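Following: one structure in structure tokens, then a few remarks.
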Protein chains: 2
Amino acid sequence: MDASERTAPGVKSATRTVELLDFFARQGGMYSLTEIQQELGYPKSSLYALLRTLVQLGWVETDPTGTLYRIGMRALLVGASYIDGDPVVGMAHETLDWLAEVTGETVHFGRLDDHDVVYLSSRPSRHNLRPVIRVGRRVPTHSTSLGKALLADHPDPALPKKLERQTERTITDHDGLRAELRRIRERGHAIDREENTPGVCCFGVALRLQRPARDAISVSIPAIRLNEVREREISALLLQARERIEYAAYHLIHP
Amino acid sequence: MDASERTAPGVKSATRTVELLDFFARQGGMYSLTEIQQELGYPKSSLYALLRTLVQLGWVETDPTGTLYRIGMRALLVGASYIDGDPVVGMAHETLDWLAEVTGETVHFGRLDDHDVVYLSSRPSRHNLRPVIRVGRRVPTHSTSLGKALLADHPDPALPKKLERQTERTITDHDGLRAELRRIRERGHAIDREENTPGVCCFGVALRLQRPARDAISVSIPAIRLNEVREREISALLLQARERIEYAAYHLIHP
DNA sequence: AGCCAGTGTTCGCATATATGAACAAGACCT
DNA sequence: AGGTCTTGTTCATATATGCGAACACTGGCT
């Protein structure tokens, strides 16, 4: 109960369980006991017991030799259900379809979590043959249109300590980012000009369903296909999409 | 170590952690402490500590009052990574795209897990506007083409004790199912004629990447759009898709 | 062959957690 | 208001778990 209690996050073994799952999720691939041990720093024997338990439950799988571990199938179900159960994602569904349809570009729905934005829903662009699963992926706030739109909506946004460089155009200083957020508030939408991924520009707006906003939508475009006309077109459609979702939300709350 | 050790699945608190996540995933929605307590049967106080721990870690979220719990955003990431890290799903990707393209129908990739098949990847049909997230969902083996194809490939398949009725056409007796599996082996592919979902027929084949097979692919069609010609067409394309995937797998193993 | 380094596995004790019972806080009656 | 449920929260102790150290295997090296 004293101030030194920062080391007590609760049930230790539950914490480790999800940290382990998180590790697998971040890294992907298969790892040996010692590799995981080195990464997470738990004692070998504790980790061993934990892994065996999770293997037995199907949340972790091993290779035939039983010595390499990876995430198991039971973990799959969990992710999908967060999205299925979310009313906002549900409401936005049709509008995201529409936005993808009229722009022909990749559309994302993202939610703020700490200093990241988590993709909750997305529509592949018509040009992108392969519909990559991006749901559940995390991207930084400071280098993405989704993230910057959400930061700009916050009266006193908590910026990450260090703004990690993603590309040569990433804004990496706090003053620059604050100036950018001001521009976004004036302009009404956020733009990411290859600040997170080379060759990709994004336009994003925060959904004002609660203050400060937690959800945002964006349209991503290959930089090559971008020009002033297209830019105006995209931002207009994006704002229209926001209206639609906010309208739907309003009528859900006040039937 | 004696025979009565059936009650010791390992680290208790880890088991409960994933059981809790599983509960949220299955049920969706928000639940109070007592509701969860009644469902899972853990002592109130233990559950309380567990929930608080997971809330603090972002794996469980509460409503503003802090009294209703639901699954948290961090759980999202985990599911996606299972699929991203799987070599077979990766290999099948292009072929699934192709199969969806040439049939115009919904295509699924599924993997056996106990008495269920888990969807690992899917392509929406051209007629189905809304690309529903089905990845991670579980369907029974005995009432789906994916499941029956996988059972048929097994020399001595472990049939579920009780074959749950899904529709009026579901095969619910073991003898009937065994006969059906024999027919599938003779025919070369599995058919589900509205046995799992009214109005939906599916064609499925197991991928022979290991024996017994663990993965399968299927094409789903609205029963209305089905006729003998289309049926032959679909099964031919399905078998072709299987060849492609098996071919790709072979060349991945023997470069 | 024998050694060595690295890895997975087991075991007994110190420590953290699980638990039932008691307490607090509302909600809903009458 | 007062009483009576129901539900969330805290606490002390029995109990399960975490831990270091020892053991067992394996493969590579000399």
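These numbers come from the heavy atoms of this one structure, side chains and all, not from hydrogens, waters or symmetry mates. Lettering of chains follows the sequences in order, A, B, ..., and the numbering in each one begins at 1. Please read all numbers here as calculations on a predicted model, not as lab measurements.
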Item to check | Main-chain N/O of A:Glu164 paired with A:His142 side-chain donor or acceptor, under 3.5 Å | outcome: yes

Item to check | Interatomic distance where CG belongs to B:Leu51 and C1' belongs to C:dT19 [whole Å] | outcome: 16 Å

Next on the checklist: Contact list please: residues 23-50 of chain A against DNA chain D, heavy atoms, distance less than 4.0 Å, in numerical order.
Outcome noted: A:Pro43, A:Ser45, A:Ser46

Checklist entry - Would you say the side chains of A:Arg123 and A:His93 form a donor-acceptor pair under 3.5 Å? => result yes

Checklist entry - Does the side chain of A:Glu19 pick up a donor-acceptor pair with the side chain of A:Tyr42 at under 3.5 Å? => result yes

Checklist entry - Under 6.0 Å between the ring centres of A:Phe23 and A:Tyr31? => result yes

Item to check | Phosphate OP1/OP2 of D:dC19 contacted by A:Arg16 side-chain N/O (<4.0 Å) | outcome: yes

Checklist entry - If you measure from the Lys or Arg side-chain nitrogens to the Asp or Glu carboxylate oxygens, is any gap between A:Asp153 and A:Arg208 under 4.0 Å? => result no

Next on the checklist: Looking at A:Arg16 and A:Asp22, is there a salt bridge between them, counting it only when a charged N and a carboxylate O are closer than 4.0 Å?
Outcome noted: no

Checklist outcome for this item: The complete set of salt bridge (Lys or Arg N to Asp or Glu O under 4.0 Å) pairs with one or both residues in residues 31-41 of chain B, sequence neighbours excluded, reads none

Checklist entry - What residues in residues 58-68 of chain A put a non-hydrogen atom under 4.0 Å from any atom of DNA chain D? => result none

Item to check | side-chain N/O B:Ser13 vs D:dT17 OP1/OP2, d < 4.0 Å | outcome: no

Checklist entry - Salt bridge between B:Arg111 and B:Asp86, side-chain N to carboxylate O under 4.0 Å? => result yes

Checklist entry - Separation of B:Lys12 atom NZ from D:dA16 atom P, in whole Å? => result 6 Å

